[in-house]
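Worksheet: one structure, shown below.
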Amino acid sequence: DQQVKQNSPSLSVQEGRISILNCDYTNSMFDYFLWYKKYPAEGPTFLISISSIKDKNEDGRFTVFLNKSAKHLSLHIVPSQPGDSAVYFCAAPSSGTYKYIFGTGTRLKVLA
Amino acid sequence: DAGVIQSPRHEVTEMGQEVTLRCKPISGHDYLFWYRQTMMRGLELLIYFNNNVPIDDSGMPEDRFSAKMPNASFSTLKIQPSEPRDSAVYFCASSYGSNYNEQFFGPGTRLTVL
């Protein structure tokens with residue numbers, strides 16, 4: 001079964017600097033890998049995805065990198081803003097269509 | 001659209017009681033997911049439905065948990081009997097088949113079992 005690990009439970013970054021959130025998975029899959037953002041008392045919201053056939057996907061200040069050989073996913077936020085303070089979940093595809101396994105999340109705090 | 005609607009938002013119950021969580025997915029979405037969030041395990045997929053049919057319930061922790069989707073606009077997750085270790089935030093999410101990698105989550109139900 002797919003396992004997803006986000007080994008950093010929390011991260012603090014100064015406003016304007018780069019935030020790098022990391023994620024490791026166990027099973028190679030031909031599908032999309034996802035990042036979700038979650039604010040307190042709200043449900044997670046989709047942030048950005050990357051196809052397994054790509055190495056990089058960029059959307060404004062957010063860039064996701066996929067290193068398939070290392071089975072590693074990372075999310076870069078540049079420049080970081082206080083409004084980016086949230087919990088970030090990565091998700092990897094599992095066996096069975098439409099099934100995603102989420103990590104435990106990384107709490108990002110961007111300091112003004 | 002109002003988004004995914006969950007009720008109640010908070011539920012406090014005593015051990016042994018039955019708990020029913022409710023979800024109304026976004027109209028037109030054909031996939032519905034139930035997740036549980038805990039500090040230790042993060043977001044766990046419990047079960048998901050496609051066109052009201054359960055597809056994968058391998059994440060349902062025990063027989064005490066059951067989920068139904070009687071129609072395209074309503075789903076329930078029931079815990080009977082509830083136990084303190086069931087305390088968590090339960091999320092419902094829905095998606096549309098051709099855009100399946102973007103799931104729309106509800107605000108969640110915070111369940112506390114005393």
Side-chain angles (χ1 to χ4, degrees), chain A residues 1-10 21-26 29-54 57 59 62 64 66 73 86-107, chain B residues 1-10 21 23-26 29-51 53-60 88-111:
Chain A
D1 282 354
Q2 179 76 273
Q3 293 184 40
V4 178
K5 293 199 183 298
Q6 294 178 257
N7 292 318
S8 298
S10 63
L21 295 88
N22 295 302
C23 176
D24 297 301
Y25 60 94
T26 55
M29 301 288 290
F30 291 103
D31 208 325
Y32 285 85
F33 293 80
L34 318 174
W35 283 95
Y36 278 74
K37 179 168 71 173
K38 183 184 179 304
Y39 292 116
E42 296 182 9
T45 55
F46 173 79
L47 181 61
I48 190 170
S49 65
I50 185 168
S51 167
S52 58
I53 63 174
K54 295 188 175 180
N57 186 32
D59 184 1
F62 302 90
V64 57
L66 178 61
L73 196 66
V87 176
Y88 290 80
F89 292 95
C90 68
S94 182
S95 58
T97 312
Y98 308 111
K99 182 174 177 177
Y100 278 90
I101 305 302
F102 285 77
T104 51
T106 295
R107 184 178 301 278
Chain B
D1 202 315
V4 176
I5 298 172
Q6 291 187 248
S7 64
R9 292 295 307 274
H10 302 272
L21 312 180
C23 174
K24 176 179 169 54
I26 292 173
H29 282 192
D30 52 353
Y31 283 83
L32 183 138
F33 307 82
W34 281 101
Y35 291 88
R36 176 172 69 176
Q37 184 191 7
T38 60
M39 290 293 292
M40 291 299 296
R41 301 173 69 90
L43 269 172
E44 298 176 87
L45 176 64
L46 301 177
I47 184 171
Y48 76 94
F49 296 81
N50 175 222
N51 291 324
V53 177
I55 302 302
D56 187 335
D57 65 354
S58 59
M60 296 286 262
V89 181
Y90 291 81
F91 290 102
C92 174
S94 69
S95 68
Y96 179 65
S98 64
N99 195 28
Y100 63 89
N101 60 11
E102 183 174 354
Q103 298 177 18
F104 293 82
F105 282 76
T109 296
R110 180 173 295 277
L111 172 65

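In this text, all values refer to a predicted model and were calculated from it rather than measured experimentally. Numbered from 1 within each chain, the chains take letters A, B, ... in sequence-line order.
Residues B:Tyr35 and B:Phe91 keep their aromatic ring centres 6.0 Å or farther apart.
With contacts defined as side-chain heavy-atom distances shorter than 4.5 Å, the pair B:Phe33/B:Ser95 qualifies.
Applying the side chain to side chain contact (heavy atoms under 4.5 Å, CB included) test to A:Ala92 and every residue at least two apart in sequence or in another chain returns A:Gln2, A:Val4, A:Tyr25, A:Phe33. With sequence neighbours excluded, the residues that form a side chain to side chain contact (heavy atoms under 4.5 Å, CB included) with B:Lys24 are B:Ile5, B:Ser73.
Within the 4.5 angstrom heavy-atom criterion, only side-chain atoms of B:Leu45, from C-beta onward, approach chain A. At a 4.5 Å heavy-atom cutoff, B:Arg110 makes no contact with chain A through either its backbone or its side chain. The contact between A:Ser49 and chain B is made entirely by side chain atoms (from C-beta outward), counting heavy-atom distances below 4.5 Å.
In terms of heavy-atom pairs under 4.5 Å with chain A, the best-connected choice from B:Met39, B:Met40, B:Gln37, B:Arg41 is B:Gln37.
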